[in-house]
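Basis for what follows: all heavy atoms, side chains included, without hydrogens, waters or symmetry-related copies.
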Amino acid sequence: MSEHAQGPDATEALVAESSSYELLKRRLSDLGGHLQRKTRALNDARLAEFGRAEQALIARTRARTENNCIARDLVRIGDVLLFGYNVFIGLRKETAVADVFGLYRLGEDGEGDLEAVALEGSFLDDARFTADFRELYTYYRQASLIQLRVHQHKLLAAFQIGQQATDLRVFRWNIGPDGTLSYIDNRGERDIALPATHDFEWTQTTRENHVGGRHPHINILDTVFVETVGGDLTIKIENNTESGLGIYSEPVEDKSQSLTDAEVAYARIGSLILLRIRPYRERDERYLVFNTRTLSATRIDAIGRSCIQLPEDHGIIFPGGYYLQSGETKRFDLPAEMRDGLRFKRMLRSPNGEDVLYVFYQPGLGHYALFSYNLIEKSLSTPILCNGYARFEDGRMLVFQAEGPEPTRNHPMQLWQTPFASDEHAAAHQEVQGFFGRIGNPELVRGIAELTGITRAVAEQTP
């Protein structure tokens, strides 16, 4: 089907050429500029009181292992780093704990090699754990470590023991209030499970949503209308079955399908309506975002793998990018091996309420993509791509990337400064009194973000 009909375009042209429109646009622009200056001044005053840690690379370091190995994951337990890897044993009869785990400390300056910590006397030296570990490699000689995780006051170490990714054996330790670890058992499969890939529910359309006519379509919330008949998938914004014209179209494989043949579901998120469409006899589903503000449709298949709502009704984030309620969208060109397998793992807010970290994880290969979203700028920083990360109380984050499939003894790492300190660390190092202190930084961030959104809407006005 063709794109826009000529009517709306002609009307917009007439409005844009009128002197009244130019006058109103100029007045609104002046008011928007005044609001923008006031908002910036307020944000500068807020930063002067509360400060902000920018995301930045601050040091490079590395971990050395006794054997050539392929690094798998990294976590922090108190002041100790647990580094997990897989070693090719060869003719050796037994796999020891030290062949899979290493303990390290980060130097004060973060430079040079990580300091190795002895396993003797540590939580990895527990008799019950070592017995279970020995049993694991006795019965499953091809077992391999695939993930380390700290979750709900537990340390989890997951091993794949079969051909399927779900064939797991998960060791778990309890982390006490003082940071000490005590071994629990090797049955933590439920604890290691990832959260839902989507934080909303899809609603499947039924025959009650179908509207017959010369150009039939599916009515979704009396707002957007979808059909896959006539050789293409068409998105319309008018409940008019006499015309097949729409705002978006793309071809389908089976050109003879009827309205009932396609599978269509939707989800309403603020001013966005997400569409999940599988045309007749097609293997893959197509995902589109319809924006009720801009009356536009954008295809984003990545939201099918995982999709989470941004805070304060800003929009959605998916593996590789985001889509805002304003219609602004951004996508990052991820490496080929990460494009199809990433899914949501966790969300972390900074103490000041200004930044939110979204962690996406690829279970099979162990890749991480760390996306930092700023509520005031409504922007997503270039993601940190890694194979493991450990976050410190002060917001520093140590990450590593496995250097290809070949085993090595040297494992380069990067130390980043991020805004994601713990709440306890932020409370201990920040005492703001007076007017701003009574309001609170998160509340100021929320207000400034809304004001910034208004100034953006003014600057991007259309007839």
Check whether the ring centres of Phe360 and Phe371 lie less than 6.0 Å apart, and answer yes or no. yes
According to the interplanar angle, ranging from 0 to 90°, do the rings of Tyr183 and Phe171 count as parallel (below 30°), tilted (30 to 60°) or perpendicular (above 60°)? tilted
Supply the atom-to-atom distance Ser372 OG to Trp416 CH2, rounded to the nearest 0.5 angstrom. 11.0 Å
Between CZ of Arg305 and CD of Gln362, what distance do you get to the nearest 0.5 Å? 10.0 Å
Is the Phe83 to Phe101 ring centre distance short of 6.0 Å? no
Side chains of Gln152 and Asp191: do they bring a donor and an acceptor to under 3.5 Å? no
Can I get a per-line list of side-chain donor-acceptor pairs under 3.5 Å for residues 373-380, giving both atom names and the distance, sequence neighbours left out?
residue: Tyr373; atom: OH; partner: His314; partner atom: ND1; Å: 2.8
residue: Asn374; atom: OD1; partner: Ile376; partner atom: N; Å: 3.1
residue: Asn374; atom: OD1; partner: Glu377; partner atom: N; Å: 2.7
residue: Asn374; atom: ND2; partner: Glu354; partner atom: OE2; Å: 3.0
residue: Asn374; atom: ND2; partner: Asp355; partner atom: OD1; Å: 3.1

Would Asp125 and Ser122 count as having a side-chain donor-acceptor pair, cut-off 3.5 Å? no
Side-chain donor-acceptor pair present, Glu253, Tyr280, cut-off under 3.5 Å: no
With sequence neighbours excluded, tell me which residues meet side-chain contact (heavy atoms from CB on, under 4.5 Å) with Leu194. Arg149, Arg343, Lys345, Tyr361, Pro363
Any idea how Phe133 and Phe159 line up, ring-wise: parallel (<30°), tilted (30 to 60°), or perpendicular (>60°)? perpendicular
Working for salt bridge (Lys or Arg N to Asp or Glu O under 4.0 Å), residues Arg446 and Glu312: CA-CA 8 Å; Arg446 187 177 299 112; Glu312 308 299 334; 3.1 Å; yes
For Asp185, the option from Arg172, Arg128, Lys154 that meets salt bridge (Lys or Arg N to Asp or Glu O under 4.0 Å): Arg172
Measure the spacing between CD1 of Ile175 and NE2 of His153 and express it to the nearest 0.5 Å. 8.5 Å
Among all residues two or more places apart in sequence or in another chain, which pass the salt bridge (charged side-chain N to carboxylate O under 4.0 Å, His left out) test with Arg339? Asp333
Aromatic rings Phe200 and His198: how do their planes relate, parallel, tilted or perpendicular, breaks at 30° and 60°? perpendicular
